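Just below is one structure, and these are the notes that go with it.
Because only heavy atoms are used, hydrogens play no part in the values below, and waters and symmetry mates are left out as well, while side chains stay in. Counting convention: from 1, in listed order, for ligands and their atoms alike. Please read all numbers here as calculations on a predicted model, not as lab measurements.
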Amino acid sequence: MALQKMLIYGEWVPAAAGRSISVYNPATGELVDEIPAASAEDVATAVGAAHSAFPAWAHTPAVKRAELLDRSRHSLLSRREEIARLITEECGKPLRQSHGEVNVAADFIRWYAEEGRRSYGEWIPDPLPDRRLLTIRQPIGVAAIITPWNFPAYMVARTATAALAAGCTVVIKPARQTPLTALALARAFNDGGIPPGVLNVVTGDANVIGQAFLDDQRVRKISFAGSPKVGKLLMRGAANHVKRVSLELGGHAAFIIMSDAALDRAIDGLMSAKFQNAGQTCIAPNHVYVHSSLLAPFLELLSSRVERLKVGNGLDSETDVGPLINRDALEKVSSHVNDAIDHGARLLTGGHQLTADDQAKGNFYAPTILADVTPQMRITREETFGPVIAVTAFETDDEAIERANSTQYGLAAYLYTRDISKAIRIAERLDVGMVGVNDTRIAAVEAPFGGVKLSGIGREGGREGLAAFTETKQLALRIEPA
Ligand code: NAP
């Protein structure tokens with residue numbers, strides 16, 4: 001283990017004041033590594049690096065930027081095993097999920113390398129005969145990117161490569177639980193030939209770094225994924241210099257199973273979407289609404305599947321569900337389950353922390369099913385972010401839609417039915433940014449990802465993700481009569 005360094009202007013540097021922070025493995029409680037704790041001055045140096053690198057990068061032809069991004073992708077894939085292991089060690093998810101995450105990170109780099117070449121403007125029909133109106137798209141400038149711990153490679157790749165492909169330069173601040181993956185990705189970009197200062201990473205105290213981003217006029221955009229609480233704080237802070245913000249915040253996805261649904265398929269979708277990363281994904285189904293005619297067989301089939309899940313260290317090849325990220329997460333999940341039981345929910349399986357053998361050293365919680373969940377329970381309003389399925393029966397379509405829309409969140413929803421007309425009608429009425437119909441695989445590099453209401457502002461992924469790092473400039477050209 002060696003003290004990690006930050007990447008600023010192409011150099012690997014410690015925090016100027018020499019301070020550091022420890023990173024722990026959530027499965028074992030063991031120290032994984034130490035990272036620098038940047039001061040406001042360190043952040044200013046990184047922003048300065050990004051600012052001075054911006055003009056040249058913005059004017060680099062998109063095809064050249066694409067070439068360097070593609071080289072970075074190869075560099076990333078050449079270290080796939082090492083980076084996947086790092087993700088599991090600092091975030092806890094099963095190793096095969098970490099491998100999948102590195103692959104998707106590489107896919108994002110490829111997609112944005114290609115999409116950056118298609119950042120088109122428009123020729124606008126003009127009412128005046130001696131004028132022509134057109135638009136071009138230009139990079140915003142320096143973007144500060146703040147990422148969460150649950151997808152440490154995916155989230156960095158999704159935002160940073162969109163920014164780089166658009167011609168922006170970036171300063172990335174990864175979550176304190178998972179900075180090592182972000183630093184490993186930065187190494188891949190550096191080795192891929194991304195010029196000094198174009199991509200910088202600072203690590204350390206979030207308040208110090210976040211405030212330094214907000215105070216610095218040279219930062220023109222804040223791209224944030226994380227909790228609504230911090231998202232609101234950044235949005236307020238960004239108002240001072242009227243910085244652009246993209247916010248990918250939490251979710252509270254409803255999973256609706258209509259009376260005509262293929263139950264096996266619905267349970268397959270639910271299992272994979274709910275237990276990925278131990279339920280710690282923003283698009284995880286939080287509340288299942290199942291038609292009353294299917295409730296009994298649904299609960300029976302679901303219980304037998306959930307009880308077979310193997311919980312353990314993500315490095316163990318048999319593990320299906322890893323640990324929660326920290327003790328706070330464990331307490332939150334536990335309090336949601338206890339609150340639901342106190343208010344009359346039926347516990348079908350799980351409902352407790354796992355402490356046998358070495359598991360007490362980590363943050364393991366048993367996969368849990370709660371039935372008869374009512375609106376009074378916290379779990380129906382707050383994001384659980386853990387391996388817990390809350391189930392409620394419904395009678396009518398309107399009731400299911402109303403319940404699904406009753407949270408403050410609006411990121412994703414899932415709907416299972418064989419009736420395609422009904423699926424379209426219901427999808428149109430759900431207050432969310434994304435709807436999965438008979439499928440839970442709603443995230444794709446080519447498609448816009450994001451939410452409404454408390455779930456955030458803006459979209460990442462797809463061509464919208466590239467546009468989010470550009471400004472539209474209008475040109476009005478006077479021409480001489482023919
Ligand atoms: P969080 O506390 O908001 O942290 C997210 C990031 O913000 C981390 O890098 C964190 O740094 C940083 N941060 C914390 N306080 C800050 C401040 N005052 N100024 C600037 N940055 C600050 O969120 P979390 O609880 O770790 O992450 C889970 C949440 O993220 C969930 O709600 C989940 O749904 C959401 N999420 C959303 C998406 C999406 O695309 N919609 C994707 C993934 C996760 P430190 O770690 O150093 O505190």
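With a 4.0 Å heavy-atom cut-off, ligand 1 is reached by no atom of Gln211. Under 4.0 angstrom from ligand 1, the non-hydrogen atoms of Asn150 all belong to its side chain. Proximity of Lys229 to ligand 1, defined as any heavy-atom pair under 4.0 Å, is not found for any part of the residue. Only the side chain of Phe385 comes within 4.0 Å of ligand 1, judged by heavy-atom distances. Contacts with ligand 1 closer than 4.0 Å are made by no heavy atom of Gln280, backbone or side chain. Here Phe213 has no heavy atoms under 4.0 Å from ligand 1, in either its backbone or its side chain.
Taking every non-hydrogen atom of Trp149 and a distance limit under 4.0 Å, the qualifying atoms of ligand 1 come out as 24 (P), 26 (O), 27 (O). Less than 4.0 angstrom separates some heavy atom of Ile146 from each of these atoms of ligand 1: 6 (C), 7 (O), 9 (O), 12 (C), 20 (C), 21 (N). Per-residue contacts place Thr147 under 4.0 angstrom from the following atoms of ligand 1 (heavy atoms of the residue considered): 6 (C), 8 (C), 9 (O). Here is the list of ligand 1 atoms found below 4.0 Å of a heavy atom in Glu248: 37 (C), 38 (C), 39 (C), 40 (O), 41 (N). The ligand atoms of ligand 1 that sit less than 4.0 angstrom from a heavy atom of Gln177 are 46 (O). Near Phe224, meaning under 4.0 Å from any of its heavy atoms, are these atoms of ligand 1: 3 (O), 5 (C), 6 (C), 7 (O). Annotation for ligand 1: atoms under 4.0 Å from non-hydrogen atoms of Gly210 are 19 (N), 20 (C). Atoms of ligand 1 lying under 4.0 Å from at least one heavy atom of Pro174, given by number and element, are 9 (O).
Residue contact check for ligand 1: Arg158 places a non-hydrogen atom closer than 4.0 Å to it.
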Tell me, with the steps shown, if Tyr24 and Trp149 meet ring-ring contact (aromatic ring centres under 6.0 Å, His included).
CA-CA 12 Å; Tyr24 296 98; Trp149 46 265; over 10 Å; no
Check the pair Phe394 / Tyr289 against ring-ring contact (aromatic ring centres under 6.0 Å, His included), numbers first and verdict last.
CA-CA 6 Å; Phe394 71 89; Tyr289 296 100; 7.2 Å; no
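Here the shortest heavy-atom distance to atom 41 (N) of ligand 1, taken over Leu454, Leu249, Thr281, Ile21, belongs to Leu249. Comparing Ala206, Gly250, Pro179 by heavy-atom distance to atom 13 (N) of ligand 1, the nearest is Ala206. In the candidate list Ala144, Ala225, Ala175, Ala225 is nearest to atom 5 (C) of ligand 1, counting heavy atoms.
With Phe449 as the aromatic partner, Arg158 meets the cation-pi criteria of under 6.0 angstrom to the ring centre and within 45 degrees of the ring axis. Figure legend: cation-pi geometry between Lys93 and Phe151, with NZ or CZ positioned under 6.0 Å from the six-membered ring centre and within 45° of its axis.
Scanning the protein for heavy atoms near atom 46 (O) of ligand 1, the closest one is Arg176 N, 2.9 Å. The protein atom (non-hydrogen) at minimum distance from atom 23 (O) of ligand 1 is Ser227 N, 3.3 Å. When only non-hydrogen protein atoms are considered, atom 36 (N) of ligand 1 lies nearest to Cys282 CB, 3.8 Å. The closest protein non-hydrogen atom to atom 32 (O) of ligand 1 is Glu383 OE1, 2.7 Å. Residue, atom and distance of the protein heavy atom nearest to atom 35 (C) of ligand 1 are Gly226 O, 3.2 Å.
Under the side chain to side chain contact (heavy atoms under 4.5 Å, CB included) rule, Glu471 has a single partner from Lys221, Arg137, Arg244, which is Arg244. Considering Val311, Val306, Leu324 as possible partners of Pro387, the one that fulfils the side chain to side chain contact (heavy atoms under 4.5 Å, CB included) test is Leu324.
Tyr416 has its side chain within reach of Thr440: a pair of non-hydrogen atoms, C-beta onward, lies under 4.5 Å apart.
With hydrogens and angles left out, the side-chain atoms of Arg85 and Ser98 include no donor and acceptor closer than 3.5 Å. When only modelled atom types and interatomic distance are considered, Asn405 and Arg429 share no side-chain donor-acceptor pair under 3.5 Å.
Here Asp268 pairs with Arg305 in a salt bridge; the nearest charged N to carboxylate O distance falls below 4.0 Å.
Close N/O approach between Phe449 and ligand 1 is not found [any backbone or side-chain N/O within under 3.5 Å]. For a threshold of 3.5 Å applied to N or O pairs, the pair formed by Ser455 and ligand 1 contains no separation below that value.
In this structure, Phe108 and Tyr154 have perpendicular ring planes: the angle between them is above 60°, well past the 30° mark.
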